[in-house]
Amino acid sequence: MDAPENQEYLRSLTDRIDDLIAAVEHVGEDHAEALAKVHPTHRDGALNVLRYAELRTHDLRPLQAGLADFGATRLSTTEPAVLGRLRAARQALGAFNDEPRKYRYSEIADAFARADEILDEHADRLLGPALDETHSRIMVTLPTEAADDPEIVSGFIATGAELVRINAAHDDESVWLRMVDNVHRAAEEAGREVRIAVDLAGPKLRTGAIVPGPQVGRARVKRLPTGTVIAPSRIWLSPVNRPAPATPELDGRPVLPVQVDAEWLGRMAVGDRITLHDNRGSKRHFTVSEVHADADGEGTPAVLAEGRQNAYIAEGTLLEHDWVKARAHGIPATEQRLRLETGDTLILTDNPAPVDPAEQDVPRIGCTLPEAVRAIRPGDRVLFDDGVIAGVARETNAGTEGGDGEAGGFTEVRLEITRTKIGGANLAAYKGINLPDTDLPVTSLTDEDKAALRFTAAHADIADVSFIRDRADVDTVLAELHAIVREAEEAGDEAAAERARELGVVLKIETVPAYEGLPDIMLAGMQHANFGVMIARGDLAVELGFERLAEVPGLIMAIAEAAHVPTIMATQVLEHLARDGLPSRAEITDAAFALRAEAVMLNKGPHINQAIEVLSRMSTKLGRSQRKNRMLMRRINSWVPEPEH
């Protein structure tokens with residue numbers, strides 16, 4: 001080490017560390033105004049996240065390699081206490097150079113330990129305490145059925161769910177309230193706390209309406225690859241002009257509902273035969289397998305009939321039984337779609353009128369958010385249906401005849417389709433639209449979201465806020481929450497005011513601007529005491545591209561850890577297991593990565609309880625082996641050598 005070249009190398013590393021320490025020490029002075037606004041509980045985290053953001057503006061790879069040469073920290077776990085970790089590296093290099101100790105022990109070790117304690121405190125406050133020996137909590141999305149079936153909720157909690165999520169994009173407050181009541185009852189029976197999050201939908205940026213197609217339904221069989229029928233085609237018959245009883249789902253497939261004359265239906269008995277000529281002119285036979293005299297508990301009869309061939313049944317098709325005929329009614333209209341291939345032209349318009357694909361020379365479709373169409377500029381990317389279809393704006397026209405939009409007409413954007421599935425893809429009505437390059441002139445809170453936020457403040461524990469893009473969006477959310485607090489105070493309801501003050505606010509990171517502006521968004525969110533972030537990987541993958549999804553969730557978790565703010569990992573965790581009952585191998589590894597977050601969100605599926613059980617066991621095992629991105633070296637019993645005899 002006494003060789004001149006080694007001494008020079010050591011000095012260059014030391015100078016580099018000193019420069020970094022000086023840079024991060026002055027960050028607080030540069031952002032004093034923003035730091036003054038954060039809640040006192042977030043002061044340490046706010047300063048540290050600014051230091052971390054400054055650190056990540058430097059390319060540290062050569063420095064990391066040099067530190068590794070001396071066995072010092074590689075700065076790869078710097079997030080909890082940036083200045084403490086840099087000082088630790090500087091102290092180690094100084095020891096190699098026989099320098100006197102520059103920093104006190106408390107300036108290094110205590111900073112790191114205290115950072116972990118703060119993050120744990122914030123996670124417990126927002127998400128509730130984790131189960132024993134786990135670091136991450138399990139959040140489960142409630143299906144609509146959970147409002148009226150308490151056993152669904154009890155099953156979730158019994159198998160390991162620690163939080164539940166209500167999606168405010170579906171149902172209404174009466175349904176949500178029944179869900180809340182069932183959660184509270186099930187949590188009390190289980191003897192533990194279960195927090196409730198309400199997910200605010202944000203502005204609905206979707207494709208517009210498409211004129212329905214013909215009223216033709218398909219009753220289809222299920223076959224083996226050899227052609228052998230393993231499940232029959234089925235129709236569910238109920239009286240016309242009466243509320244139809246719920247249509248059953250058998251073999252994982254819906255049954256075709258058909259309404260017929262009540263007197264004709266009343267003659268049916270098990271084993272009777274129904275004959276028809278379907279929409280293709282093919283003769284088909286169905287045999288009555290079940291007769292329900294009171295299918296919906298209100299006296300509505302229904303009949304289940306099964307066939308051995310596919311049948312396309314149209315509105316008005318004649319059904320014959322015992323030489324008497326009746327017409328089919330209530331057949332759902334077919335859903336029309338636009339067929340698009342790479343290189344095609346698609347016109348996106350703010351005209352709200354439903355489009356008819358059969359009448360179009362050039363495919364066109366509306367948008368549920370007209371101001372979004374008007375904000376698109378040539379060169380902007382436009383993504384449909386979770387990125388399955390991608391296009392680029394080539395031309396905008398704000399003066400089309402026949403409307404009342406800009407320039408006296410509807411705005412149209414001519415898109416060139418740049419990507420679809422091989423062979424093309426279908427675009428249906430009300431599919432999601434992402435505009436990663438467009439500055440949208442809309443707020444993150446719609447009127448529906450504001451109402452849902454008030455419900456959440458009164459009945460739930462956490463508000464998950466969608467469509468966050470910048471600090472202004474965060475300020476809008478917090479201002480609305482402060483208004484709820486003031487109204488409760490003015491009404492003399494201190495309990496309601498305190499609930500609103502303590503409400504958890506989780507910002508969903510799902511847009512390109514939100515990711516790129518994370519430090520500023522973090523500081524804005526940290527004005528509220530009970531605060532966290534959700535990594536919404538679905539929309540992030542669409543907006544950023546799938547390749548960048550390999551690193552971006554980890555980077556978001558890192559900056560959240562630097563802020564001492566808890567994270568929730570969402571989207572497609574154990575999706576195959578929840579849907580099919582068997583996980584893919586890749587999603588087990590993905591779930592292990594997700595468990596680095598303070599909570600992991602599971603979506604709905606017929607095998608969701610099994611998914612909860614698997615994730616709970618993984619969380620217990622990994623809780624002993626990892627904390628965030630730090631591996632904990634527990635004893636591995638499998639590797640203990642057998643004693644020699």
Side-chain angles (χ1 to χ4, degrees), residues 1-32 34-36 38 40-122 519 522-523 555 558-565 626-634:
M1 182 56 63
D2 293 332
E5 61 271 18
N6 289 334
Q7 289 286 359
E8 184 177 344
Y9 182 41
L10 180 60
R11 174 48 55 193
S12 70
L13 293 176
T14 303
D15 290 345
R16 181 76 171 116
I17 289 288
D18 285 339
D19 290 343
L20 288 172
I21 289 174
V24 302
E25 281 181 330
H26 288 94
V27 163
E29 301 170 9
D30 299 335
H31 296 84
L35 288 171
V38 304
T41 191
H42 289 301
R43 290 282 164 78
D44 288 346
L47 181 57
N48 190 63
V49 77
L50 288 172
R51 289 171 173 168
Y52 184 72
E54 168 63 30
L55 186 71
R56 294 307 302 267
T57 64
H58 301 265
D59 186 354
L60 302 179
R61 290 173 294 179
L63 176 61
Q64 287 181 296
L67 291 171
D69 291 341
F70 290 93
T73 171
R74 287 176 52 84
L75 302 179
S76 56
T77 55
T78 310
E79 293 84 8
V82 173
L83 189 56
R85 185 58 84 202
L86 289 173
R87 286 172 171 172
R90 178 63 176 82
Q91 199 92 307
L93 293 178
F96 277 102
N97 211 25
D98 295 327
E99 295 179 2
R101 190 173 65 185
K102 188 170 184 177
Y103 301 106
R104 296 187 305 275
Y105 175 82
S106 60
E107 292 179 288
I108 298 171
D110 289 359
F112 215 74
R114 178 57 184 151
D116 283 346
E117 290 174 1
I118 293 172
L119 178 55
D120 287 343
E121 290 168 3
H122 289 167
M522 286 284 186
L523 285 179
L555 294 175
I559 198 169
E561 184 181 8
H564 310 153
V565 165
Q626 71 179 27
R627 177 179 175 86
K628 306 299 281 188
N629 66 335
R630 287 169 267 161
M631 299 306 298
L632 307 178
M633 300 185 73
R634 68 175 178 86

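Looking at heavy atoms from C-beta onward, Arg114 lies in side-chain contact with Glu117 at the 4.5 angstrom threshold. In this structure the side chain of Leu50 never reaches within 4.5 angstrom of the side chain of Asp30, judged on heavy atoms. Looking at heavy atoms from C-beta onward, Leu13 lies out of side-chain contact with Phe96 at the 4.5 angstrom threshold. Under the 4.5 Å side-chain criterion, counting only non-hydrogen atoms from C-beta, Ile118 is not in contact with Thr41. Proximity of Ile17 to Ile21: side-chain heavy atoms (C-beta onward) are separated by under 4.5 Å at one or more points. With contacts defined as side-chain heavy-atom distances shorter than 4.5 Å, the pair Glu54/His26 does not qualify. When side chains are defined from C-beta on, Val565 does not count as touching Val49, because their heavy atoms never get closer than 4.5 Å.
Pro80 and Ala115 get closest at one heavy-atom pair: O-CB, 3.1 Å. Considering every non-hydrogen atom in both Thr77 and Arg85, the closest pair reads OG1-NH2, 3.5 Å. Taking every heavy atom of both residues into account, Asn48 and Ala562 meet most closely at ND2-O, 2.7 Å. Among all heavy-atom pairs drawn from Leu47 and Leu35, the shortest one is N-CD2, 3.7 Å.
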Which pairs would a plain distance check flag for residues 61-69, meaning a side-chain donor or acceptor within less than 3.5 Å of a matching protein atom at least two apart in sequence or in another chain?
| from | atom 1 | to | atom 2 | distance (Å) |
| --- | --- | --- | --- | --- |
| Arg61 | NE | Asp59 | OD1 | 2.9 |
| Arg61 | NH2 | Asp59 | OD2 | 2.9 |
| Gln64 | NE2 | Arg74 | O | 2.8 |
| Asp69 | OD2 | Tyr9 | OH | 3.0 |

His42 and Met522: CA distance, side-chain angles, deciding distance, side-chain contact (heavy atoms from CB on, under 4.5 Å) verdict = CA-CA 10 Å; His42 289 301; Met522 286 284 186; over 6 Å; no
Are Leu60 and Arg16 close enough, and set up right, to give a side-chain contact (heavy atoms from CB on, under 4.5 Å), and what steps lead you there?
-> CA-CA 10 Å; Leu60 302 179; Arg16 181 76 171 116; 4.2 Å; yes
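Glu79 has no carboxylate O lying under 4.0 Å from a charged side-chain N of Arg56, or vice versa, which leaves the two without a salt bridge.
Going from atom CG of Leu83 over to atom OG1 of Thr78 covers 11.5 Å, rounded to the nearest 0.5 Å. Rounding to the nearest 0.5 Å gives a distance of 7.5 Å between CG of Leu523 and NE2 of His31. Atom CG of Asp116 is separated from atom CD of Glu121 by 11.0 Å, given to the nearest 0.5 angstrom.
Arg43 contributes a side-chain N or O that, together with a main-chain N or O of Val38, makes up a donor-acceptor pair within less than 3.5 Å. In this structure, the side chain of Gln91 engages the main chain of Lys102 through a donor-acceptor pair within 3.5 Å.
Residues that satisfy the ring pair (Phe, Tyr, Trp, His ring centres under 6.0 Å) test with His564, not counting sequence neighbours, are absent from this structure. Contacts of Asp15 classified as salt bridge (Lys or Arg N to Asp or Glu O under 4.0 Å), with partners at least two apart in sequence or in another chain: Arg11.
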